[in-house]
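Below you'll find the structure, written out as structure tokens, and then a few comments.
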Amino acid sequence: MFSKEYRLKKKYQFNYVYRVGRSVGSTNLVLYFSPSKNKNVKVGISVSKKLGHAVTRNLVKRRIRECVIPYLQKINPNFNVVFIAKTSAAEASFAELQKDVNYLLKKANILCG
RNA sequence: UAAGAUAACUGGAUGAUUACGCCACUUGUGGUGAGGAAAGUCCGAGCACCAUAGAGCAAACACUCUUGAUAACGUCAAGCAAUGGUGACAUUAGGAAAAGGGCAACAGAAAUAGACUGCCAACUGACAGCUUAGCUGUAAAGGGCACAGGUGGAAAAGUGGAGUAAAAGCCCACUCAUUAGUAUGGUGACAUACUUCUGCUGUAAACUCAGUGUGGUGCAAGAUGUGGGGCAUAAGAGUUGCUCGCUCGCUCCCAAAAUCGCUUGAUUAUGUUGGCAACAGCAUAACUAGAUAGAUGAUCAUCUUAAAUGACAGAACUCGGCUUAUAGGUUAUCUUAGGGC
RNA sequence: GGAAGCGUAUCGAAGUGGUCGCACCGAGCCGCACUCGAAAUGCGGUUGUCGGAGAAAUCCGGCACGUGGGUUCGAAUCCCACCGCUUCCG
């Protein structure tokens, strides 16, 4: 389940997370997170033009989204989260991204239960 | 068999579990969901607003063999000419240099006119000799020539003859290029033949000239709601400048989002008729993404296959082109070379 | 999605058809002078790459102005197509 209510959409929302939130990094990804008043977790994914053309960017986005789905119910619902792909993410496999997501969420210590 | 040329096609299929966008309704099911280039944004249109886009001059930009096709085009088709290739074929911004100036480094005597080396004693003058109205000889001062030399991308047509003091398209024959005309063929570009004129450096993809065409801005156009602010009857605005003309003159600006614009259209598929073709007409059938942090992933199974885990690559208002990228595979026609019958 | 601009030695930056690109100029780098030593200052030198010659210093030749074509006798410069980078428009 990763419908629109779980997504960060507006530019100001992203800016808020960057400004207020804290960050954790790994080889392929960077995780920003900040507390919010929403009842649901909201996840944003940012993939810059440096990674490549539209096809590769879309692929990275889809993979990250797929990786996050199993954790949606486990993350503390009072947080907003932004994943940023580094340049190396364009060549990383699905399994590597899964490992990175798991590592980052534990390191950030925002999982509940 | 090898090496090529040209024109096309393909760019895996089916199913399961789970996940996403849109649509429908019975609200948890069903339907549907990227390309040949969706790309680059290089042209042409639709559409929207500015006057239902007006006139003149200027500027700027684009185009330039012919005939046709098209809504239109700088695109396409069939040809013509030139160039390249043994050939199948390919390429070409392919008007004018005799309207006008501009530029042409270095080399070379000289670069669009000229004489360095050279050739010449016919002419003017000089000198010498002699049989003295003159003749013969010497010398390149004046003068004549542009044949030969070498330089260069380019030196003013090539070969042969005639001619001369020496020479030269100065003249003649043939050839080459070129101007104009006539005839034949072709819608035409043009081709062939004959007559005739001329023998002219190159560059217009630097300026220019001739002809033709172009109003501007782009869906972030624009329309409708919401909130806030300004102006107070003429300043101004109408998107290159000037002149004219017309219109608006209560409308203008800012903010954040929403809805519309947003997909049935110069559409697609099949057949048929006309045309060498581009393409057009007719008939039948079909409806095929519409997002807005922006939708196709993950894990398998089976099949086709040499292989498919593996090419280039992701719609953003919509069409017609152009250009560029593209693994592997397939088809058709043709060319050259070698071999066999 | 749309609209503009820029690519020249290690860096910045002139050069807009002509003597090999001795690539003006500035910074940097190297050497020398000055100094006990350094800085500053002054003077001189300095593009890369490929190939060849040489014991070495060094010398000679080719290619290269983002890349590839074209026009021209000749292109960093003119034309066309790509590649990369930057900026603007809600």
Side-chain angles (χ1 to χ4, degrees):
Chain A
M1 299 294 287
F2 194 39
S3 54
K4 284 181 177 176
E5 49 191 319
Y6 292 100
R7 295 184 197 169
L8 272 185
K9 287 190 170 182
K10 300 300 172 195
K11 191 173 179 63
Y12 63 85
Q13 293 177 320
F14 277 80
N15 284 339
Y16 180 81
V17 174
Y18 294 148
R19 204 173 60 246
V20 175
R22 295 194 289 133
S23 67
V24 207
S26 72
T27 46
N28 296 318
L29 298 171
V30 178
L31 173 66
Y32 275 81
F33 59 99
S34 74
S36 77
K37 300 169 188 170
N38 292 320
K39 294 179 181 175
N40 293 328
V41 179
K42 282 187 182 289
V43 179
I45 299 167
S46 172
V47 181
S48 88
K49 258 192 173 177
K50 288 178 186 173
L51 269 80
H53 285 285
V55 174
T56 55
R57 292 204 305 269
N58 278 344
L59 182 66
V60 170
K61 248 188 274 182
R62 287 192 208 111
R63 279 177 168 167
I64 294 173
R65 202 179 298 148
E66 192 68 27
C67 294
V68 171
I69 286 171
Y71 298 100
L72 274 178
Q73 301 302 324
K74 298 179 185 173
I75 298 175
N76 188 332
N78 295 324
F79 278 93
N80 281 353
V81 170
V82 175
F83 286 94
I84 299 172
K86 292 187 182 177
T87 321
S88 54
E91 290 165 10
S93 70
F94 180 68
E96 287 175 320
L97 288 178
Q98 271 184 319
K99 213 182 287 179
D100 278 332
V101 168
N102 184 24
Y103 169 78
L104 286 175
L105 288 173
K106 280 181 179 169
K107 192 177 178 185
N109 199 19
I110 53 174
L111 295 173
C112 61

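All values below were derived from every heavy atom in this structure, side-chain atoms included, with hydrogens, water molecules and symmetry-related copies excluded. To find a chain, count down the sequence lines: A is the first, B the second, and so on, and within it residues start at 1. If you're wondering where the values come from, they're calculated on a predicted model, not measured in any experiment.
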Nearest 0.5 Å, please: how far is CD1 in A:Ile64 from CG in A:Leu59?
10.0 Å

Can you check the A:Arg57 CZ to B:rA39 C1' distance for me, whole Å?
12 Å

What's the gap between B:rU318 and B:rU292 when it is taken at their P atoms, as a whole Å value?
16 Å

Can you tell me, in whole Å, how much space there is between the C1' of B:rG181 and that of B:rU196?
8 Å

Give me the distance, rounded to whole Å, that separates B:rA315 from B:rA34 when you measure between the C1' atoms they each carry.
6 Å

Opposite nucleotide pairing with B:rC20, Watson-Crick or G-U, both atom distances under 3.5 Å:
B:rG33

Re B:rU196: Watson-Crick or G-U wobble partner, both distances kept under 3.5 Å, found to be none

Kindly give the heavy-atom pair with the smallest separation between A:Pro35 and A:Phe79, and that separation in Å.
N-CD2, 3.7 Å

Apply the side-chain contact (heavy atoms from CB on, under 4.5 Å) test between A:Val24 and each candidate in A:Leu104, A:Leu29, A:Asn109; give the one that qualifies.
A:Leu104

What is the pairing partner of B:rU226, taking Watson-Crick or G-U wobble pairs with both distances under 3.5 Å in any strand?
B:rA255

Taking all heavy atoms of A:Ala108 and all of A:Phe33, pick out the closest pair and write down the distance.
CB-CE2, 3.6 Å

Using atom C1' in both nucleotides, what's the gap between B:rC61 and B:rG44 to the nearest angstrom?
16 Å

To the nearest 0.5 Å, what is the distance between CD1 (A:Ile45) and CZ (A:Arg63)?
13.5 Å

Taking the nucleotide of RNA chain B with the nearest heavy atom to each, does A:Arg63 or A:Ser46 sit closer to the 5' end?
A:Ser46

Look through every strand shown and name the nucleotide pairing with B:rA3 as Watson-Crick or G-U wobble, where both distances are under 3.5 Å.
B:rU335

When rounded to whole Å, the OH to C1' distance for the pair A:Tyr32 and B:rA293 reads 17 Å

Pairs under 3.5 Å (N/O, protein and nucleotides 311-315 of chain B):
from    : atom 1 : to      : atom 2 : distance (Å)
B:rG314 : OP2    : A:Ala54 : N      : 3.4
B:rG314 : N7     : A:Asn58 : ND2    : 3.3
B:rG314 : O6     : A:Arg62 : NH2    : 3.0

What integer distance in Å separates A:Ile45:CD1 from B:rA19:P?
17 Å

Using heavy-atom distances to pick each residue's nearest nucleotide on RNA chain B, tell me which of A:Gln98 and A:Lys61 is more 5'.
A:Lys61

How long is the gap from CG on A:Asp100 to CG on A:Leu105, to the nearest 0.5 Å?
10.5 Å

Same-atom distance (C1') from C:rU72 to B:rA220, integer angstrom
46 Å

Nearest 0.5 Å please: distance from the OG atom of A:Ser46 over to the CZ atom of A:Arg57.
10.5 Å

Nearest-Å distance once atom C1' is located in both B:rC319 and B:rA307
39 Å

Base-pair string, RNA chain C, Watson-Crick plus G-U, cut-off 3.5 Å on both distances, | for inter-strand, is ((((((((.[[[..)..(......]]]((((((.......)))))).((((((....))))))..[[[[[..)....]]]]]))))))).

Rounded to whole Å, the CG-C1' distance (A:Asn80 to B:rA293) equals 14 Å

Between B:rA257 and B:rG213, how many Å separate the two P atoms, rounded to a whole number?
49 Å

Take atom P in B:rU64 and the same atom in B:rG274, then report the distance between them in whole Å.
37 Å

Shortest non-hydrogen contact from A:Gly21 toward A:Ser34:
CA-CB, 3.6 Å

B:rG314 -> Watson-Crick or G-U wobble partner, both distances under 3.5 Å, gives none

